[in-house]
Amino acid sequence: QVQLVESGGGLVQSGGSLRLSCAASGRVASNYDMAWYRQAPGKQRELVARISSGGTTKYADSVKGRFTISRDNAKNTVYLQMNVLKPDDTANYYCYSVLGYWGQGTQVTVSS
């Protein structure tokens, strides 16, 4: 059973930064593609960023230039560095493994 545990969410003012972490059991985070999704109230879950096992990254247009996804294979952890946060970034952020596993989510709230 794969477990993904997110942390790092919280309340931040517009323009601020947060770093989310996703700790994975086993070698999931280092051997497979991983991604961050988010879901705001009343909206569909959307892809925020994805990183391949080889390190190739992909971002939603809305976060390009502000968010950075990375991985630490030694720690089996994936990160999402979020800078210049906006109120529209407010959502529950989920870690996802292409093996089909989701984390429990971590709430990010950006105040204006």
Side-chain angles (χ1 to χ4, degrees):
Q1 181 74 16
V2 173
Q3 286 190 319
L4 304 176
V5 180
E6 302 103 330
S7 61
L11 174 63
V12 64
Q13 288 188 333
S14 182
S17 298
L18 283 173
R19 188 177 81 154
L20 305 182
S21 299
C22 172
S25 60
R27 301 294 297 173
V28 170
S30 56
N31 291 347
Y32 299 94
D33 291 14
M34 299 287 293
W36 286 96
Y37 282 76
R38 67 185 180 187
Q39 187 167 20
K43 295 187 178 181
Q44 289 188 332
R45 191 171 294 191
E46 63 174 358
L47 176 67
V48 175
R50 179 172 176 139
I51 186 165
S52 74
S53 57
T56 302
T57 58
K58 178 182 177 181
Y59 297 93
D61 288 343
S62 60
V63 307
K64 279 181 183 175
R66 300 188 298 121
F67 290 12
T68 302
I69 188 171
S70 62
R71 66 200 310 159
D72 184 332
N73 290 340
K75 295 183 178 179
N76 216 24
T77 299
V78 176
Y79 303 98
L80 184 68
Q81 178 66 44
M82 306 185 294
N83 298 328
V84 195
L85 282 161
K86 306 174 181 179
D88 283 350
D89 295 318
T90 295
N92 210 358
Y93 283 71
Y94 297 90
C95 183
Y96 173 73
S97 162
V98 295
L99 296 176
Y101 297 96
W102 292 92
Q104 81 287 353
T106 185
Q107 178 67 36
V108 172
T109 302
V110 184
S111 63
S112 56

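Computed over heavy atoms, backbone and side chain alike; hydrogens, waters and symmetry mates excluded. If you're wondering where the values come from, they're calculated on a predicted model, not measured in any experiment.
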> When you check the gap from the basic side-chain N to the acidic O, do Lys64 and Asp61 get nearer than 4.0 Å?
Replying inline: yes

Given the rule that I, L, V, M, F, W and Y join up when any side-chain heavy atoms are under 4.5 Å apart, are [X] and [Y] in one cluster?
| X | Y | result |
| --- | --- | --- |
| Tyr93 | Val5 | no |
| Val2 | Val98 | yes |
| Leu18 | Val110 | yes |

>> Would Ser53 and Tyr32 count as a side chain to side chain contact (heavy atoms under 4.5 Å, CB included) here? Give the steps.
In response: CA-CA 5 Å; Ser53 57; Tyr32 299 94; 5.7 Å; no

Flag the pair [X] / [Y] as yes when at least one side-chain heavy-atom distance between them is below 4.5 Å, and no otherwise.
| X | Y | result |
| --- | --- | --- |
| Ser111 | Ser14 | no |
| Ser21 | Glu6 | no |
| Trp36 | Ile69 | yes |
| Ile51 | Lys58 | no |
| Leu80 | Thr68 | no |
| Leu20 | Thr106 | yes |
| Asn83 | Phe67 | no |
| Val48 | Met82 | no |

> Closest approach of Gly103 and Tyr94, non-hydrogen atoms and distance?
Replying inline: O-CD2, 3.6 Å

> At their closest point, which heavy atom of Leu4 faces which heavy atom of Gln104, and how far apart are they?
Replying inline: O-OE1, 3.5 Å

> Angle class for the Tyr37/Tyr96 ring planes (parallel below 30°, perpendicular above 60°, tilted otherwise)?
Replying inline: perpendicular

Rounded distance (nearest 0.5 Å) linking atom [atom1] of [X] with atom [atom2] of [Y]:
| X | Y | atom1 | atom2 | answer |
| --- | --- | --- | --- | --- |
| Leu99 | Asn31 | CG | CG | 9.5 Å |
| Tyr59 | Arg66 | OH | CZ | 12.0 Å |
| Ser97 | Met34 | OG | CE | 5.0 Å |

> What pairs of residues pass the side chain to side chain donor-acceptor pair (under 3.5 Å) test when at least one of them lies in residues 42-51, not counting sequence neighbours?
Replying inline: Asp33-Arg50, Arg38-Glu46, Gln39-Arg45

> Stepwise, does the side chain to side chain contact (heavy atoms under 4.5 Å, CB included) test hold for Ser17 with Gln81?
Replying inline: CA-CA 8 Å; Ser17 298; Gln81 178 66 44; 4.0 Å; yes

> If only atom types and distance count, is the side chain of Thr77 paired as donor or acceptor with the main-chain N or O of Lys75 below 3.5 Å?
Replying inline: yes

